[in-house]
Amino acid sequence: MEPILIYGFPAGSSMGLVAALEWLGKPYRLCRVDMLGEMRDPSYARINARHETPALITDDGRALTETMAIAHWLAARDDDRRISFAPQSKEADRMVQLMAFVNTGFTGAFSALWTALELDEPDPDFQDALRRFGHKAVIERHRKLEAMIGDTAYLVGDRPTLADGIFVGVARWLDIHAVSPSDRWPRLEALRRRLEADPAVRFATALENGEAATGSGACRGHVALTEVIARFGQ
Ligand SMILES: N[C@@H](CCC(=O)N[C@@H](CS)C(=O)NCC(=O)O)C(=O)O
């Protein structure tokens with residue numbers, strides 16, 4: 001069977017993995033999940049007990065969670081090296097380094113801002129403190145990522161890879177939380193604009209928004225979450 005990527009909306013980091021699957025070009029299916037609704041249902045715990053996206057149902061029917069594990073699974077099957085690099089190459093090490101930074105410190109810097117936005121009961125003082133803390137953290141992590149990357153067209157070299165996919169799913173959170181104009185970091189800004197104009201990212205973004213879209217043809221359609229849970233839930 002084709003692997004099934006379970007991706008979340010609105011504005012999930014998992015959007016970038018949909019783009020990566022397009023770049024990979026191998027047949028896959030998708031399952032679109034409302035993170036504010038059905039992902040919180042107890043039944044979703046059968047896919048991911050931490051109630052998070054992304055999750056991948058592998059081609060042998062296992063539910064695999066955590067972005068880095070999913071990226072590892074995809075890279076291991078990327079025989080033509082479309083979204084990754086040869087194991088043991090310096091480019092492969094660099095890609096994992098950047099993915100790890102983006103998936104940990106860079107993504108985590110937004111946590112306080114999401115908490116402030118999604119608090120069950122309004123608590124203005126607490127929300128204000130979370131926002132101040134979050135803005136500082138996000139700006140600091142952007143500054144560090146800007147300093148880490150070179151002047152290549154994409155994060156590692158001249159073509160988009162898994163690292164770019166993981167970056168592009170999260171980069172737009174800067175705007176959602178109105179932290180800072182993105183052109184404050186010129187390299188990141190150029191990378192983001194380049195990626196956001198990419199057909200695979202446009203396809204992934206349209207699907208996330210619930211719009212009809214035409215991709216490369218590798219996507220063999222969507223599977224309903226109820227079916228995914230019934231067939232592959234633990
Ligand atoms: N460590 C996980 C974190 C995944 C994660 O935090 N996903 C977010 C969406 S981007 C989520 O599902 N949050 C739960 C929520 O919104 O309730 C990974 O890297 O895959």
Side-chain angles (χ1 to χ4, degrees), residues 3-21 24 28 30-58 62-76 83-84 95-121 123 127 130-131 133-134 137-138 141-142 145 155 161-177 179 192 195-196 201 204-205 207-210 225 228-229 232-234:
I4 306 168
L5 180 74
I6 300 167
Y7 69 102
F9 74 93
S13 59
S14 39
M15 180 276 281
L17 286 177
V18 178
L21 281 163
L24 179 62
Y28 69 95
L30 292 171
C31 173
R32 183 172 180 269
V33 172
D34 178 357
M35 293 193 287
L36 304 174
E38 57 198 338
M39 193 177 78
R40 296 183 176 172
D41 190 272
S43 65
Y44 188 83
R46 294 180 57 200
I47 298 295
N48 184 348
R50 294 172 298 289
H51 292 266
E52 292 175 342
T53 54
L56 183 80
I57 306 300
T58 61
R62 288 172 293 119
L64 182 66
T65 63
E66 295 298 324
T67 301
M68 291 294 288
I70 295 169
H72 176 75
W73 193 91
L74 293 173
I83 56 169
S84 61
M95 187 186 81
V96 174
Q97 178 195 35
L98 286 165
M99 283 197 302
F101 182 79
V102 171
N103 183 241
T104 57
F106 188 82
T107 301
F110 289 93
S111 295
L113 298 174
W114 286 116
T115 302
L117 196 69
E118 294 174 355
L119 223 53
D120 288 336
E121 300 285 332
D123 183 344
Q127 283 166 298
L130 285 170
R131 285 196 192 100
F133 177 82
V138 167
R141 289 286 138 169
H142 275 71
L145 185 57
L155 279 172
T161 65
L162 282 159
D164 298 282
I166 291 172
F167 169 72
V168 79
V170 175
R172 64 235 174 109
W173 295 356
L174 188 71
D175 308 336
I176 292 174
H177 296 287
V179 175
R192 193 174 150 192
L195 286 167
E196 286 173 353
V201 175
T205 308
L207 294 185
E208 181 186 63
N209 292 335
L225 179 61
V228 170
I229 294 172
F232 306 109
Q234 309 272 309

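As the structure lists them, so they are numbered: ligands from 1, and atoms in each ligand from 1. Source: prediction; values computed, not measured.
Taking a cutoff of 4.0 Å between a charged side-chain nitrogen and a carboxylate oxygen, Glu208 and Arg172 qualify as a salt bridge.
Residue Asn103 touches ligand 1 through its side chain alone, judged by heavy-atom distances below 4.0 Å.
Of the protein's non-hydrogen atoms, the one nearest atom 2 (C) of ligand 1 is Glu66 OE1, 3.1 Å. The protein heavy-atom contact nearest to atom 3 (C) of ligand 1 is Glu52 OE1, 3.4 Å. Of all protein heavy atoms, the one closest to atom 8 (C) of ligand 1 is Thr53 O, 3.7 Å. Scanning all protein heavy atoms for the shortest distance to atom 9 (C) of ligand 1 gives Met35 SD, 3.5 Å. If you check which protein heavy atom lies closest to atom 10 (S) of ligand 1, you get Ser13 OG, 3.1 Å.
Partners of Thr104 under the side chain to side chain donor-acceptor pair (under 3.5 Å) rule, at least two apart in sequence or in another chain, do not exist in this structure. In this structure, the side-chain contact (heavy atoms from CB on, under 4.5 Å) partners of Ala19, at least two apart in sequence or on a different chain, are Trp23, Ala200, Val201, Ala204.
Within 6.0 Å of CZ in Phe9 there are more than 12 heavy atoms belonging to other residues, nucleotides or ligands.
Of all the atoms in ligand 1, the ones that sit under 4.0 Å from a non-hydrogen atom of Pro54 are 20 (O).
Note: His142 and Phe106 have tilted aromatic rings, judged against thresholds of 30 and 60 degrees for the angle between ring planes. By the 30° and 60° cut-offs, the orientation of the rings of Trp173 relative to Phe110 is perpendicular.
Contact annotation: Met39 has at least one heavy atom less than 4.0 Å from an atom of ligand 1. Contact between His51 and ligand 1 is present, with at least one heavy atom of the residue lying under 4.0 Å from the ligand. Not a single heavy atom of Gly8 sits less than 4.0 Å from an atom of ligand 1.
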Practice task
Decide salt bridge (Lys or Arg N to Asp or Glu O under 4.0 Å) for Arg192 and Asp164; before the verdict, give the C-alpha distance in whole Å, the side-chain angles of both, and the deciding distance to 0.1 Å.
Solution key: CA-CA 9 Å; Arg192 193 174 150 192; Asp164 298 282; over 6 Å; no
Practice task
Under the salt bridge (Lys or Arg N to Asp or Glu O under 4.0 Å) rule, what do Glu38 and Arg32 come out as? Steps first, then yes or no, please.
Solution key: CA-CA 10 Å; Glu38 57 198 338; Arg32 183 172 180 269; over 6 Å; no
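Here's the thing with Ser14: none of its N/O atoms is less than 3.5 angstrom from an N/O atom of ligand 1. At a 3.5 angstrom cut-off on N or O pairs, Trp173 does not count as close to ligand 1. In terms of polar-atom proximity, defined here as any N/O pair under 3.5 Å, Thr67 does make such a contact with ligand 1.
Heavy atoms only, all atoms of each residue included: Leu74 and Leu21 are closest at CD2-CD2, 3.8 Å.
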